[in-house]
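Everything on this sheet refers to the single structure shown next.
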Amino acid sequence: MGNDGRSLEEISDFLSPVALGVVKAAAGGVSSGIRESSTDVWGALVGDPLKMWRTRRLIDGLEGVASHLKQKGVDLKSAKALPFGEMLILFDGISKEDDQVLSDMWARLIADSMMENRKPSISARSVAAVLEQMSPETAKIFEFLSKEARRKFINEKLGRIRNKEFFPLDEEEAKLSEDDLREELEKITPEIDGEWQFIHKGGALIDAQFEVAKGELLRLNLIDRKEAGVHFDDQPFRRGYQVNPEGLDAVLSEMQGRIKDLVDSRTNVARLPFLDRTRGIVKSNFELSMAGKEIAKKLSLL
């Protein structure tokens with residue numbers, strides 16, 4: 001990247017006031033050091049049409065960051081400054097993304113990085129590396145699985161709150177608002193149900209999209225197969241099997257089938273279809289993995 005002498009103040013002519021506010025907050029103010037180094041960062045984003053396109057994506061993305069910070073109750077003046085290397089990586093990532101869902105994920109990541117988080121969490125750079133490898137179609141499915149996980153989380157917490165007299169809440173649960181959780185549940189449930197109706201009516205193309213996403217999400221370690229229960233009958237002879245060679249063969253054959261199902265469910269995950277349409281309704285055979293949930297939390301999706 002060449003040094004063309006542009007300062008942050010000069011580059012501000014290309015930025016909206018909101019986007020410029022995010023830049024200054026992330027950079028910790030406009031110091032002389034930022035001015036000098038900004039030539040490398042911003043000089044590559046203006047000039048020819050490609051650079052102008054990235055500038056437009058950067059502006060839109062940073063305005064999204066400001067919106068997410070506002071929703072979290074964080075004023076730009078009190079936002080946390082980003083380490084310069086981290087800012088380069090995050091701003092570079094969001095400036096290259098024109099897909100709405102992925103751009104919003106980058107904005108969420110930057111917003112989270114500019115907040116004072118008390119809880120330890122996965123690093124922003126780790127999440128950025130994942131987002132760099134995620135296609136728009138897969139991002140939409142990851143977002144959908146995150147909503148499913150969020151609904152499950154809310155239902156679990158509401159159940160805990162209803163039974164707090166018998167099972168005391170921990171410190172984090174005690175801070176939760178039952179009304180807020182119910183309001184959020186009422187909002188996301190129709191969205192999730194609507195998505196499932198769309199998927200149910202979809203044909204081979206929808207299934208193919210989920211299969212492609214499955215490969216991506218498995219490679220990125222973002223999903224696991226849902227727990228598959230395998231039932232073993234510990235008293236097979238009560239179901240009519242005879243205690244003779246034929247009866248023993250039948251019992252052992254059934255047991256071997258169960259063991260095969262169990263092994264396949266643990267070792268042959270990639271061959272399992274993402275969507276299960278075998279019972280007249282459609283459901284997912286997969287859910288977010290531990291890593292997937294941590295990334296979803298970092299993106300404020302869970």
Side-chain angles (χ1 to χ4, degrees), residues 99-102 104-105 130-131 133-159 181 184-234 236 239 250-297 299 301-302:
D99 177 73
Q100 184 176 357
V101 174
L102 271 171
D104 183 63
M105 287 183 179
V130 171
L131 293 182
Q133 302 176 66
M134 196 179 291
S135 68
E137 292 78 10
T138 298
K140 290 180 178 65
I141 292 173
F142 178 77
E143 183 183 49
F144 177 59
L145 292 176
S146 298
K147 284 185 180 180
E148 284 273 32
R150 180 64 183 174
R151 178 164 67 172
K152 181 179 179 181
F153 170 84
I154 294 174
N155 280 321
E156 289 176 350
K157 294 308 177 184
L158 286 174
L181 290 176
E184 184 180 357
L185 185 62
E186 290 175 359
K187 177 184 177 182
I188 66 173
T189 295
E191 296 175 3
I192 295 172
D193 292 344
E195 284 288 333
W196 277 121
Q197 289 177 11
F198 176 79
I199 294 168
H200 179 71
K201 295 176 181 178
L205 179 59
I206 293 292
D207 286 21
Q209 289 175 342
F210 272 88
E211 286 305 297
V212 171
K214 180 188 71 178
E216 248 184 80
L217 293 170
L218 284 173
R219 176 175 58 80
L220 295 172
N221 193 31
L222 298 179
I223 58 172
D224 281 330
R225 175 177 179 166
K226 288 183 178 178
E227 191 67 29
V230 179
H231 175 67
F232 285 91
D233 188 350
D234 59 355
R239 291 192 287 118
V251 170
L252 290 174
S253 178
E254 182 178 330
M255 185 180 297
Q256 286 176 330
R258 298 288 186 181
I259 293 174
K260 181 179 183 301
D261 290 342
L262 179 61
V263 172
D264 286 346
S265 72
R266 300 297 186 270
T267 63
N268 209 9
V269 176
R271 293 186 62 183
L272 183 72
F274 197 112
L275 298 176
D276 181 0
R277 298 182 182 270
T278 59
R279 299 180 182 178
I281 59 173
V282 61
K283 63 178 183 178
S284 172
N285 284 317
F286 293 86
E287 60 187 358
L288 293 184
S289 64
M290 182 181 295
K293 290 177 181 178
E294 290 302 314
I295 289 178
K297 290 176 184 178
L299 300 176
L301 294 172
L302 179 56

Parallel, tilted or perpendicular, judged at 30° and 60°: which one describes the rings of Phe274 and Phe286?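 Because their plane-to-plane angle lies in the 30° to 60° range, the rings of Phe274 and Phe286 count as tilted.
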
In this structure, which one of Ile206, Asp276, Leu275 forms a side-chain contact (heavy atoms from CB on, under 4.5 Å) with Val282?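 With Val282 as partner, Ile206, Asp276, Leu275 yield a single side-chain contact (heavy atoms from CB on, under 4.5 Å), made by Leu275.
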
Taking all heavy atoms of [X] and all of [Y], pick out the closest pair and write down the distance.
X      : Y      : answer
Ala291 : Asn221 : CB-O, 3.5 Å
Arg277 : Asp207 : NH2-OD1, 2.8 Å
Asn285 : Pro273 : ND2-O, 2.8 Å
Ser284 : Lys226 : O-NZ, 3.2 Å

What's the spacing between [X] [atom1] and [Y] [atom2] if we round to 0.5 Å?
X      : Y      : atom1 : atom2 : value
Asp193 : Ile188 : CG    : CD1   : 10.0 Å
Leu181 : Glu156 : CG    : CD    : 12.0 Å
Leu299 : Met105 : CG    : CE    : 6.5 Å
Thr138 : Leu102 : OG1   : CG    : 9.0 Å
Ile295 : Met290 : CD1   : CE    : 13.0 Å
Glu294 : Leu302 : CD    : CG    : 8.5 Å

Salt bridge flag under 4.0 Å for residues Asp224 and Lys293: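 A salt bridge is absent here (no side-chain N lies under 4.0 Å from a carboxylate O).
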
Salt-bridge present (Lys140, Glu137; N to O < 4.0 Å):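 No, no charged N to carboxylate O under 4.0 Å.
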
Using side-chain heavy atoms (C-beta onward) and a distance below 4.5 Å, is [X] in contact with [Y]?
X      : Y      : result
Arg151 : Asn155 : yes
Trp196 : Ile281 : no
Arg219 : Gln133 : yes
Met134 : Leu222 : yes

With Arg150 as reference, evaluate Glu287, Glu143, Glu184 under the salt bridge (charged side-chain N to carboxylate O under 4.0 Å, His left out) test and give the passing residue. Glu184

Can a donor-acceptor pair be found, under 3.5 Å and without considering hydrogens, that links the side chain of Lys214 to the backbone of Ile223? no

If you apply the rule side-chain contact (heavy atoms from CB on, under 4.5 Å), what do you find for Leu158 with Ile154, and how did you get there? CA-CA 6 Å; Leu158 286 174; Ile154 294 174; 3.9 Å; yes

What verdict does the side-chain contact (heavy atoms from CB on, under 4.5 Å) test give for Leu205 and Gln209, after you've listed the backbone C-alpha separation in whole Å, the side-chain angles of each residue and the deciding distance to 0.1 Å? CA-CA 6 Å; Leu205 179 59; Gln209 289 175 342; 4.0 Å; yes

